[in-house]
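Every chain is numbered from 1, with letters handed out A, B, ... down the list of sequences. Hydrogens, waters and symmetry mates play no part in the numbers below; they use all other heavy atoms, side chains included.
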There are 2 protein chains.
Amino acid sequence: MSIHSFDLQNDNEEICCDEPSTHPEQIARAKLDLPTDVEVQRLTEIFKALADPTRLRIIAALMHTELCVDDLSTLLGMSQSAVSHQLRLLRHLQLVQFRKEGKHSFYHLNDDHVRDFFQRSRDHLNCPSK
Amino acid sequence: MSIHSFDLQNDNEEICCDEPSTHPEQIARAKLDLPTDVEVQRLTEIFKALADPTRLRIIAALMHTELCVDDLSTLLGMSQSAVSHQLRLLRHLQLVQFRKEGKHSFYHLNDDHVRDFFQRSRDHLNCPSK
DNA sequence: TGAACATATGAGCATTCATTCATTTGATTT
DNA sequence: AAATCAAATGAATGAATGCTCATATGTTCA
């Protein structure tokens, strides 16, 4: 938790003499940019949301249009209940919103950040050199 | 599964007459850009890898330096076994690699794609307007 | 008001998953 | 060879999770 020396001169993986069972310089280097607990929680929360096929496909489906629950249910071939449960989760994470119109709830992405983030991720993982 | 008309003229959310219980035009629009099953699997696989705090922190720790298992264990305050199990998972997903040097296994990120993807994600979720 | 429809939600269940514990493997050192 | 150290791994366990089923809520329409 507390700070060690910022001695980073030993830049390569070579060990000079007898290491004390770990590698403090490298640990110190790694520690410099470690995300805080809060950041870790936010990141994993978002990644967790996209780590499930149903939720990921919901986000993907909402990229270019809004859809009601039944539309999503039809499109994804999942039960209304399953979709609704996942939508609630995405709502609470503020990844989607909805507006009511009569009997229908029309869901759409929360904002362009969500859209951008998903599109970037998709592009990145689809890029040919990977 | 088969194709409906690509009639996208009705661009807003307004409904013209009697909808047949769902909204086929919007479903058709959404369907155009839906990821394939293979893509869904690849995406969720990667997101799942980053959806766990331990694994996410491992990736973060390896952003700027390589580390051995014991270093990671110390740095993250997790048992050697827990870290080792997660490293195996990350290895199989080709997010990290390792080289042996004596008794130590030094782990590092698999390639710059991993580094870039994580950095971008982190930047995006940290951007002030979000 | 009553029926049908769209959605939301609680409980239950089966599966997945992250950790621990015990043990094994492999390398170095004496 | 024996002891020690670093890492890997299998089994077990408890927690989290995603779905189904049944039901509730709320809206429209006859």
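Between A:Arg99 atom CZ and D:dG26 atom C1' there is a gap of 17 Å when expressed in whole angstrom units. As rounded to whole Å, 13 Å separates atom C1' of D:dG26 from atom NE2 of A:His104. Distance A:Leu90 CG to D:dG18 P: 10 Å, rounded to the nearest Å. The interatomic distance linking B:Leu72 (CG) with C:dA18 (P) rounds to 17 Å, in whole Å. One interatomic measurement links the two molecules: CZ of A:Phe98 to P of C:dT7, which rounds to 11 Å at whole-angstrom precision. Remark: P of D:dA7 and CD of B:Glu66 are 12 Å apart, rounded to the nearest angstrom. Taking atom CG on B:Asp70 and atom C1' on D:dC5, their separation rounds to 10 Å, with Å as the unit. One can place CG of B:Leu89 at 13 Å from C1' of D:dT9, the figure rounded to the nearest angstrom.
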For a quick test of your reading: what N or O donor-acceptor pairs under 3.5 Å do the side chains of residues 75-86 of chain A make, sequence neighbours left out?
unit_1  : atom_1 : unit_2  : atom_2 : d
A:Ser79 : OG     : A:Ala82 : N      : 3.0
A:Gln86 : OE1    : A:Arg55 : NH1    : 2.9

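Under the ring pair (Phe, Tyr, Trp, His ring centres under 6.0 Å) criterion, A:Phe98 pairs with A:Tyr107, sequence neighbours left out. Shown here are the ring pair (Phe, Tyr, Trp, His ring centres under 6.0 Å) partners of A:Phe117, two or more places apart in sequence or in another chain: B:His124.
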Sugar-phosphate or base contact per nucleotide [nucleotides 20-28 of chain C; S, B, -; heavy atom under 4.0 Å]: BB-----SS
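Among the nucleotides C:dT9, D:dT17, C:dA18, the one closest to any side-chain atom of B:Gln86 is C:dA18. The side chain of B:Arg91 approaches D:dA8 more closely than any other nucleotide in the set C:dA18, D:dA8, C:dA8.
Look at B:Arg88 and you'll find a side-chain N or O under 4.0 angstrom from OP1 or OP2 of D:dG10. Within the structure, a side-chain polar atom (N or O) of B:Ser105 is placed less than 4.0 Å from OP1 or OP2 of D:dA8. Neither OP1 nor OP2 of C:dA6 sits under 4.0 Å from any side-chain N or O of A:Tyr107. For B:Thr54 and C:dT19, the shortest distance from a side-chain N or O to OP1 or OP2 is below 4.0 Å.
The stretch residues 112-122 of chain B participates, sequence neighbours left out, in these salt bridge (Lys or Arg N to Asp or Glu O under 4.0 Å) pairs: A:Asp33-B:Arg122, A:Glu39-B:Arg122, B:Asp112-B:Arg115.
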Trace of the side-chain contact (heavy atoms from CB on, under 4.5 Å) decision for A:Val96 with A:His108: CA-CA 6 Å; A:Val96 305; A:His108 55 96; over 6 Å; no
Stepwise side-chain contact (heavy atoms from CB on, under 4.5 Å) test for A:Leu109 and A:Ile59: CA-CA 7 Å; A:Leu109 298 186; A:Ile59 298 293; 4.1 Å; yes
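Counting heavy atoms of neighbouring residues, nucleotides and ligands inside a 6.0 Å radius, atom CG of A:Asp123 exceeds 12 of them. Summarising the local packing, CD of A:Gln119 is surrounded by more than 12 heavy atoms from other residues, nucleotides or ligands at distances under 6.0 Å.
The shortest heavy-atom contact between A:Ala61 and A:Leu72 is CB-CD2, 3.9 Å.
Each end of the helix from C:dT1-D:dA30 to C:dT30-D:dA1 gets its own axis from five base pairs, and the two axes differ in direction by 10°, given to 10 degrees.
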